[in-house]
Amino acid sequence: MTPDAPSIVIVGGGLVGLSAAFHARRAEPRARVTVLERARVGDAASGASAAGVRVMGRDPAERALALESLSRWPELDRELEGKTGYRRSGGLRVALDEAGWAEARATVAEQRAAGVPLELADADGARRLAPGISLECRGGVHCVIDGQAVALATVHAFAAAARRVGVRIEEGVVATAVVLEAARVAAVTCGDGSSVACDVAIVAGGAWTAPLLAKVGVRLPLRGRGLQMLLTDAAPASLTPVVGCFGRPLSLKQLADGAYLIGGGWPARIPNEAVNRWEVLPESVSGSLEVARAVYPPLAARAVTRSWAGIEAFTPDDLPVLGPVPGVGGLLVAAGFSGHGFALVPALGDVLARLALGLDPRADLWRGLDVARYAS
Ligand SMILES: Cc1cc2nc3c(=O)[nH]c(=O)nc-3n(C[C@H](O)[C@H](O)[C@H](O)COP(=O)(O)OP(=O)(O)OC[C@H]3O[C@@H](n4cnc5c(N)ncnc54)[C@H](O)[C@@H]3O)c2cc1C
């Protein structure tokens with residue numbers, strides 16, 4: 001293994017791992033890049049995602065990554081030679097009460113100053129952007145560069161592009177441990193007893209990242225949570241932006257086929273944290289529908305056709321942990337996206353690939369998200 005063409009093993013075939021693999025191999029075609037996925041690509045959070053592509057309302061520590069990613073989404077289908085279903089449909093966060101309207105007005109200036117192109121919309125303006133919105137709507141905040149993609153289509157586009165540039169994706173292979181020699185990564189061992197030698201290991205195992213890192217003495221406070229999604233039957237096209245609401249858990253979009261997709265962080269039950277299994281909770285279904293119908297009354301005529309959940313790792317500050325693990329050469333981590341990692345995937349993959357290849361890691365994009373703030 002030559003220092004200028006490392007061998008890289010990525011644990012996790014979700015969007016973060018796939019994007020890192022694609023970017024690494026595209027930047028350095030001599031690098032050996034292997035993705036180990038214990039199930040099928042996209043089986044966990046990435047395939048279940050609401051696939052909102054948003055910068056509006058992000059924590060300041062995530063904004064640079066989000067803005068960089070949003071600048072790439074419009075060209076992503078061309079880059080990947082695939083179809084992510086991405087549309088720059090805009091995002092609209094509405095206020096249904098005085099407290100929400102005050103919050104809407106308060107957030108605009110600070111975000112605009114940081115480069116997020118937000119506009120305050122009064123009630124008429126919000127209704128023009130989203131006809132059918134509640135008559136109680138006081139107004140909202142509109143972000144013209146927010147949008148949406150399709151979760152599984154995006155997973156398959158990244159996986160196909162990664163394979164096309166020469167990444168080996170091994171599905172049905174569980175990574176059991178990262179092997180260190182002299183405080184450096186030497187290999188990743190697999191469930192069947194085999195191992196893959198490598199110079200760099202990127203652990204992007206979503207909600208199952210922490211146990212693998214704990215084996216090399218790195219303890220990260222990641223907790224898996226189940227997040228619920230609802231899909232309705234189709235209706236004629238009427239809603240363009242992704243709709244959220246101040247003070248109420250909601251993300252609502254109308255898909256290309258007319259069905260509405262409803263999320264917003266409603267919890268699902270996880271019976272066993274070690275595996276990717278969840279149970280939809282009746283109270284979350286009714287709670288989510290109640291909020292969605294209050295914000296967008298045309299939903300009262302729609303029936304729910306499917307419900308599911310995805311398990312996502314959360315951190316105490318709801319911000320991801322990203323980058324090198326201090327004290328362990330060649331070990332990188334990318335996890336804890338806390339329900340909002342989908343939009344960040346283009347820039348995340350680029351940053352991880354740069355770190356793995358020893359290129360300029362664009363530290364300006366992810367300052368404040370480093371592992372050191374948690375690693376013990
Ligand atoms: C319901 C829901 C809605 C969401 N909505 C949005 C949204 O609208 N906008 C947004 O920006 N974000 C959203 N997110 C968040 C976003 O989808 C996630 O942050 C992102 O998909 C995380 O990708 P990942 O690759 O880190 O994790 P995952 O997709 O969970 O992938 C991790 C993979 O690692 C594999 N793995 C784990 N351990 C091992 C091991 N030891 N060996 C081999 N493989 C292993 C798992 O099987 C899994 O496939 C949502 C998430 C959910 C669940």
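Whatever order the structure lists ligands and atoms in, that order sets their numbers, starting from 1.
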With heavy atoms and a 4.0 Å threshold, my read on which part of A313 contacts ligand 1 is neither
shortest atom 37 (C) of ligand 1-to-protein heavy-atom contact is with G205 O, 3.3 Å
With heavy atoms and a 4.0 Å threshold, my read on which part of L227 contacts ligand 1 is both
min-distance protein heavy atom vs atom 40 (C) of ligand 1 -> V11 CG1, 3.6 Å
With heavy atoms and a 4.0 Å threshold, my read on which part of E170 contacts ligand 1 is neither
When distances are taken from atom 27 (O) of ligand 1, the protein heavy atom at minimum range is G206 CA, 3.8 Å
| said: What verdict does the side-chain contact (heavy atoms from CB on, under 4.5 Å) test give for M56 and R93, after you've listed the backbone C-alpha separation in whole Å, the side-chain angles of each residue and the deciding distance to 0.1 Å? | reply: CA-CA 9 Å; M56 172 162 56; R93 195 163 178 207; 4.1 Å; yes
Ligand 1 atoms nearer than 4.0 angstrom to some heavy atom of A343 are 10 (C), 11 (O)
Notebook entry, point to check: Any N or O on A50 sitting closer than 3.5 Å to an N or O of ligand 1?
Noted result: yes
Has G339 got any heavy atom lying under 4.0 angstrom from an atom of ligand 1?
yes
of all protein heavy atoms, closest to atom 38 (N) of ligand 1 is W208 CB, 3.7 Å
Closest to atom 42 (N) of ligand 1 among protein heavy atoms sits A175 N, 2.9 Å
The atoms of ligand 1 lying under 4.0 Å from a heavy atom of R58, numbered in the order shown, are 11 (O)
Practice prompt. Please indicate whether R163 has more than 12 foreign heavy atoms, meaning atoms of other residues, nucleotides or ligands, lying under 6.0 Å from its CZ.
Written response: yes
Rounded to the nearest 0.5 Å, the CG atom of L289 sits from the CH2 atom of W266 at a distance of 9.5 Å
Any nitrogen or oxygen of A207, side chain or backbone, less than 3.5 Å from one on ligand 1? no
Atom 35 (C) of ligand 1 sits nearest the protein heavy atom E37 OE1, 3.2 Å
Would you say A48 has any N or O atom under 3.5 Å from an N or O of ligand 1, going by distance alone?
no
In short, L319 meets D59 closest at the heavy-atom pair CD2-CB, 3.6 Å
Atoms of ligand 1 under 4.0 Å from any heavy atom of V173, numbered from 1 in the order shown, are 43 (C)
*So, do V291 and C245 sit near enough that their side-chain heavy atoms are less than 4.5 Å apart?*
no
Heavy-atom nearest pair, A335 first then L222, reads CB-CD1, 4.0 Å
Requested in this report: May I ask you to check whether V174 has an N/O atom sitting below 3.5 Å from an N/O atom of ligand 1?
Outcome: no
- Task: Measure from NZ or CZ of R38 to the centre of the six-membered ring of W208 and say whether it is under 6.0 Å with the direction within 45° of the ring axis.
- Result: yes
In ligand 1, the atoms that come under 4.0 Å of a heavy atom of A204 are 32 (C), 34 (O)
Practice prompt. Compute whether any side-chain donor of one residue and acceptor of the other, for T176 and T189, lie under 3.5 angstrom apart.
Written response: yes
May I ask you to check whether F342 has an N/O atom sitting below 3.5 Å from an N/O atom of ligand 1?
yes
- Query: Touching ligand 1 at all, S251? Heavy atoms, strictly under 4.0 Å?
  - Reply: no
Flag if over 12 foreign heavy atoms under 6.0 Å of CD, E181: no
**Heteroatom proximity flag, D43 to ligand 1, N/O under 3.5 Å** = no
Please confirm whether F337 comes within less than 3.5 Å of ligand 1 when only nitrogen or oxygen atoms on both sides are compared. no
* Using the ring of W366 (Phe, Tyr or Trp, six-membered ring only), decide whether R362 places NZ or CZ under 6.0 Å from its centre and within 45 degrees of its axis. => no
What's the verdict on side-chain contact (heavy atoms from CB on, under 4.5 Å) for T315 and F337, showing C-alpha distance, side-chain angles and the deciding distance?
CA-CA 8 Å; T315 61; F337 294 98; over 6 Å; no
query = With side chains defined as the heavy atoms from C-beta onward, is the minimum distance between D43 and V41 less than 4.5 Å?
reply = no
Note: ligand 1 atoms sitting under 4.0 Å from heavy atoms of G310 are 53 (C)
the protein heavy atom lying closest to atom 25 (O) of ligand 1 turns out to be V16 N, 3.1 Å
Closest to atom 9 (N) of ligand 1 (heavy atoms only, candidates A39, A20, G52) is G52
Six-ring centre of Y260, R302 cation under 6.0 angstrom, axis tolerance 45°:
no
Exercise for the section: State plainly whether the residues R128 and D124 are in salt-bridge range, i.e. N to O under 4.0 Å. Expected result: no
Query raised in the report: Any cation-pi pair here, R225 with F314, using under 6.0 Å and within 45°?
Result: yes
When distances are taken from atom 43 (C) of ligand 1, the protein heavy atom at minimum range is R38 N, 3.2 Å
Looking at G14, S46, G265, the heavy atom closest to atom 23 (O) of ligand 1 belongs to S46
To atom 6 (C) of ligand 1, the nearest of A334, S69, S49, A149 on a heavy-atom basis is S49
Would L212 count as being in polar contact with ligand 1, using the rule that some N or O on each side must be under 3.5 angstrom apart? no
Checking heavy atoms under 4.0 Å, the part of A51 that sits near ligand 1 is backbone
Worksheet item: Quick one: does D97's side chain get under 4.5 Å of E136's, heavy atoms only?
Response: no
Note to self: Can you confirm whether the side chains of D199 and S7 place a donor and an acceptor under 3.5 Å from each other?
What the structure shows: no
* Salt-bridge criterion met for E81 and R26 (N-O under 4.0 Å) -> no
Judged by heavy atoms only, the candidate from E312, R40, Q148, E62 nearest atom 18 (C) of ligand 1 is E312
4.0 Å heavy-atom contact, N276 with ligand 1 = no
At under 4.0 Å between heavy atoms, what of L15 touches ligand 1? The answer is backbone
Closest heavy-atom pair, A126 versus C137, reported as atoms and distance to 0.1 Å, is CB-SG, 3.9 Å
Logged contact type for M229 with ligand 1, heavy-atom cut-off 4.0 Å, is side chain
